[in-house]
Amino acid sequence: MSLRAKTSVVFSMAVVAVALLGAAAFACTNLATMNLSSAAGTAGDSVMLTGSSFSVPREGPPTPVVVHWNGVDGPVLATVLPDEAGNISAEFTIPEGQPGYYVVVATQRDAEGVDAYGTPARASFQILGPGGESVVQQPGSQAPATVAGEPSSTGIIALTAGLGALGLALFGAGFVAFVRQARGREVPATVKTRRQ
């Protein structure tokens, strides 16, 4: 292999190493998550909220996490400061509303109004009908829909992790193909012949 080809392969490997380290660092960052003690209930019910991975500054007081009903700018249900590990816990009362699905949103904004990395966090809540039944019908069914047990952003996080793994696998396959192609381009050494 010529010196130029070797330099090209070494440079390419260095670029790949830096890219993989960057991808791993990004994949290891945490998004704020939130869980509710109950996925469904009626207006006036008390619900316990727990969350993790909220932003905590290295110095100074933490930025409060504001819990909103049905949108990032919806009515405020609770305001809580994250602990030193970024965990939150708050209790709030479900406001009045028509039966159906609603979203509980936890925002954390700095003094300029910029969202902290990984926020807002979301969880869904279903207000049940007067008899405690779900009034949301599944398509094609005669009976009311059943309520899911864990309404959180876990599905989105799993999808993000899966897509990240797929991206890394495709990147690795492309790198292997590149290395094989680079090795196939080796220039044959010149052969010295004697004149007779």
Side-chain angles (χ1 to χ4, degrees), residues 1-36 39 49-59 62-63 65-68 70-73 82-88 101-125 138-140 145 148-193:
M1 185 182 277
S2 71
L3 179 61
R4 183 176 181 187
K6 287 180 183 178
T7 305
S8 176
V9 169
V10 169
F11 178 74
S12 298
M13 292 178 85
V15 168
V16 168
V18 169
L20 287 175
L21 286 173
F26 179 76
C28 292
T29 58
N30 293 329
L31 300 177
T33 58
M34 183 173 61
N35 293 302
L36 304 178
L49 170 147
T50 56
S52 62
S53 300
F54 285 90
S55 179
V56 179
R58 292 183 184 175
E59 296 178 5
T63 306
V65 175
V66 181
V67 181
H68 300 272
N70 212 31
V72 294
D73 294 319
D83 65 14
E84 61 277 353
N87 300 321
I88 62 167
Y101 283 98
Y102 295 85
V103 65
V104 179
V105 182
T107 60
Q108 188 178 30
R109 295 180 176 148
D110 63 16
E112 288 81 33
V114 177
D115 288 328
Y117 179 79
T119 64
R122 295 173 178 85
S124 64
F125 187 86
Q138 292 180 347
E150 276 296 318
S152 68
S153 56
T154 306
I156 294 172
I157 293 171
L159 178 64
T160 303
L163 290 174
L166 177 64
L168 286 175
L170 290 172
F171 183 79
F175 177 71
V176 168
F178 169 77
V179 169
R180 285 185 179 173
Q181 184 179 14
R183 286 184 181 167
R185 290 185 182 170
E186 290 181 14
V187 178
T190 57
V191 178
K192 294 182 181 180
T193 58

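Quantities reported herein were computed from a predicted structural model and do not represent experimental measurements. For the numbers below, each heavy atom of this structure counts, side chains included, while hydrogens, waters and symmetry mates do not.
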**Message:** With heavy-atom distances below 4.5 Å as the criterion, would you say the side chains of T63 and F54 are in contact?
**Reply:** no
**Request:** Could you check if a side-chain atom of L166 sits within less than 4.5 angstrom of a side-chain atom of L168, using non-hydrogen atoms only?
**Result:** no
**Item:** Considering all heavy atoms, the nearest L31-G118 contact
**Value:** CD2-CA, 3.7 Å
**Asked** CG/D115 to CZ/R109 distance, rounded to the nearest 0.5 angstrom?
**Response** 5.0 Å
**Prompt:** Run the side chain to side chain contact (heavy atoms under 4.5 Å, CB included) check on T119 and T107 step by step: do they pass?
**Reply:** CA-CA 6 Å; T119 64; T107 60; 5.9 Å; no
**Item:** Interatomic distance, L36 atom CG to L49 atom CG [nearest 0.5 angstrom]
**Value:** 5.5 Å
**Side-chain donor or acceptor of Q108 paired with backbone N/O of S55 under 3.5 Å** = yes
**Request:** Using distance alone, with no hydrogens and no angle criterion, decide if T33 and S52 have a side-chain donor and acceptor under 3.5 Å apart.
**Result:** yes
**Asked** Do you know which two heavy atoms are closest between G71 and V103, and how far apart they sit?
**Response** N-CG1, 3.8 Å
**Prompt:** If you round to the nearest 0.5 Å, how far is OG of S124 from CE of M34?
**Reply:** 9.5 Å
**Asked** For the atom pair CD1 (I88) and CG (D83), what is the distance rounded to the nearest 0.5 Å?
**Response** 9.5 Å
**Complete:** Rounding to 0.5 Å, atoms CG (D73) and NE2 (H68) come to a distance of 6.5 Å
**Message:** For a quick test of reading the model, state the closest non-hydrogen atom pair linking V105 to P120 and the distance between them.
**Reply:** CG1-CB, 3.6 Å
